Amino acid sequence: MNLSFFDQFLSPSLLGIPLITLAITIPWLMFPTPSNRWLNNRLMTLQSWFINRFTYQLMQPLNLGGHKWATILTTLMLFLITMNLLGLLPYTFTPTTQLSLNMALALPLWTTTVLIGLFNQPTIALGHLLPEGTPTPLIPILIIIETISLFIRPLALGVRLTANLTAGHLLMQLIATAAFVLITIMPTVAFLTSLILFLLTILEVAVAMIQAYVFVLLLSLYLQENV
C-alpha cells in the first residue's frame with residue numbers, strides 16, 4: 001500500500017515509450033493565441049495582464065543588460081505554473097515532480113548566469129567568494145564555504161520545487177484515501193476529512209503558483225548578481 005502512493009510520480013509510458021515529452025508539450029496547446037482583433041476576449045486580456053505584471057515585477061530590479069532575459073524567464077514561469085496546476089487534476093502526471101526535469105532546467109540557467117558574470121565582470125564575480133574585511137586566517141575557509149554555497153544553488157532550486165510538489169501530492173492522496181475508507185465507517189469524520197482535502201487542494205493551487213514564481217525569482221536574483 002505504501003508503494004502505491006508513489007506510483008503517481010512514475011513517468012507514464014505506452015508500449016515501453018516514456019510519455020513525459022507529451023505531458024510537457026501538449027499543455028502548451030491550451031494557451032490562447034493572439035488574434036488580429038482590435039479587442040481581445042476576457043481570457044486573452046487576463047493572460048496579457050498577468051504576463052505584463054509578472055515581467056514588470058521581475059525585470060524592475062535588473063539593469064538593461066538583464067532585460068534580455070525577460071522572454072526566457074517569463075516563458076519558464078508560464079511553463080512551470082502550467083505543469084504544476086495541471087498536475088493537480090485527477091489522473092494526470094506532474095512532470096515537475098521529477099528531480100531530473102527540475103535539475104535540467106535549473107543547472108543550465110544557473111551556469112549561464114555564472115558565466116555571464118565571469119565574462120562581463122570577473123573581478124566582482126570572484127569577489128562574491130570573499131566578503132570584504134575578512135581576516136587573513138579565515139580567507140581560505142570562507143572561499144571554500146562560499147564556493148560550496150555557490151554550487152549548491154542549482155541543487156537547491158531543483159530540490160525545492162520537487163520536494164514541495166511531491167509532499168503536497170502525497171498529503172492529498174493520503175487524506176483522500178482516508179476519506180474514502182471512512183465514508184462507510186464514520187460518515188461524519190469522512191465529511192470533515194473531505195473538507196480538509198478541499199482546503200488542502202486550494203492551498204496546493206497556491207503552492208503550485210508560488211513555487212513556480214520562487215524558482216524564476218531566484219534565477220533572476222542570481223542573474224542580478226552577475227549583470
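This one's a predicted model, so the numbers in the text were calculated from it and none came from an experiment.
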Who clusters with [X]? Use side-chain heavy atoms, under 4.5 angstrom, across I, L, V, M, F, W and Y, and order the result by chain and number.
X	result
Met103	Leu99, Leu155, Val159
Tyr56	none
Leu115	none

Are the side chains of [Y] and [X] in contact, using a 4.5 Å heavy-atom criterion?
X	Y	result
Met209	Asn84	no
Leu78	Phe54	no
Asn120	Asn226	no
Leu192	Val189	no
Leu171	Leu200	yes

Check the hydrophobic clustering (I, L, V, M, F, W, Y; side-chain heavy atoms under 4.5 Å; chains of links allowed) and say if [X] and [Y] are grouped together.
X	Y	answer
Leu182	Phe191	no
Trp69	Leu118	yes
Leu197	Val181	no
Trp49	Ile81	yes
Ile196	Leu199	no

Any idea which heavy atoms bring [X] and [Y] closest together, and the distance?
X	Y	result
Phe50	Met77	CZ-CE, 4.1 Å
Thr162	Gly158	OG1-O, 2.9 Å
His67	Met59	NE2-O, 3.2 Å

(request) Could you verify whether a donor N or O on one side chain and an acceptor N or O on the other, from Thr97 and His169, lie under 3.5 Å apart? (result) no

(request) Applying side chain to side chain contact (heavy atoms under 4.5 Å, CB included), name anything that partners Ile148, two or more places apart in sequence or on another chain. (result) Ile144, Ile152

(request) For Ser194, enumerate each residue passing the side chain to side chain contact (heavy atoms under 4.5 Å, CB included) test, keeping only those at least two apart in sequence or located in another chain. (result) Ala179

(message) For Gly66, is there any backbone N or O sitting under 3.5 Å from a side-chain donor or acceptor partner on Asn63?
(response) yes

(message) If we ignore hydrogens and angles and just use 3.5 Å, is the side chain of Asn102 paired with the main-chain N or O of Thr96 as donor and acceptor?
(response) yes

(request) Only counting residues at least two apart or in another chain, list the ones meeting ring pair (Phe, Tyr, Trp, His ring centres under 6.0 Å) with Phe180. (result) none

Nearest-0.5 Å distance, [atom1] of residue [X] to [atom2] of residue [Y]:
X	Y	atom1	atom2	value
Ile175	Leu195	CD1	CG	11.0 Å
Leu88	Ile202	CG	CD1	12.0 Å
Lys68	Leu223	NZ	CG	11.0 Å
Met83	Thr94	CE	OG1	9.0 Å
Leu109	Leu73	CG	CG	7.5 Å
Ile141	Glu146	CD1	CD	12.5 Å

(message) Exactly one of Leu219, Leu157, Leu161, Leu80 should register a side-chain contact (heavy atoms from CB on, under 4.5 Å) with Leu105. Which one does?
(response) Leu80

(message) Please identify which of these residues, Leu107, Val114, Leu218, meets the side-chain contact (heavy atoms from CB on, under 4.5 Å) condition with Pro154.
(response) Leu107

(request) Determine whether the aromatic ring centres of Trp110 and Phe151 lie less than 6.0 Å apart. (result) yes

(request) May I ask you to check whether over 12 heavy atoms, not counting those of Ile183, lie within 6.0 Å of atom CD1? (result) no

(request) Any salt bridge (charged side-chain N to carboxylate O under 4.0 Å, His left out) involving residues 206-227? Give me the pairs, sequence neighbours left out, ordered by first then second residue. (result) Arg153-Glu225

(request) Would you list the pairs meeting salt bridge (charged side-chain N to carboxylate O under 4.0 Å, His left out) in which at least one residue belongs to residues 73-102, sequence neighbours left out? (result) none

Partner set under side chain to side chain donor-acceptor pair (under 3.5 Å) for [X], not counting sequence neighbours:
X	value
Thr55	Thr74
Thr82	none
Thr113	none
Ser220	none

(message) Go through it in stages, so that I can follow the logic: the residues are Leu203 and Phe198, the test is side chain to side chain contact (heavy atoms under 4.5 Å, CB included), and I'd like the CA-CA distance, side-chain angles, deciding distance and then a yes or no.
(response) CA-CA 9 Å; Leu203 177 63; Phe198 174 74; over 6 Å; no

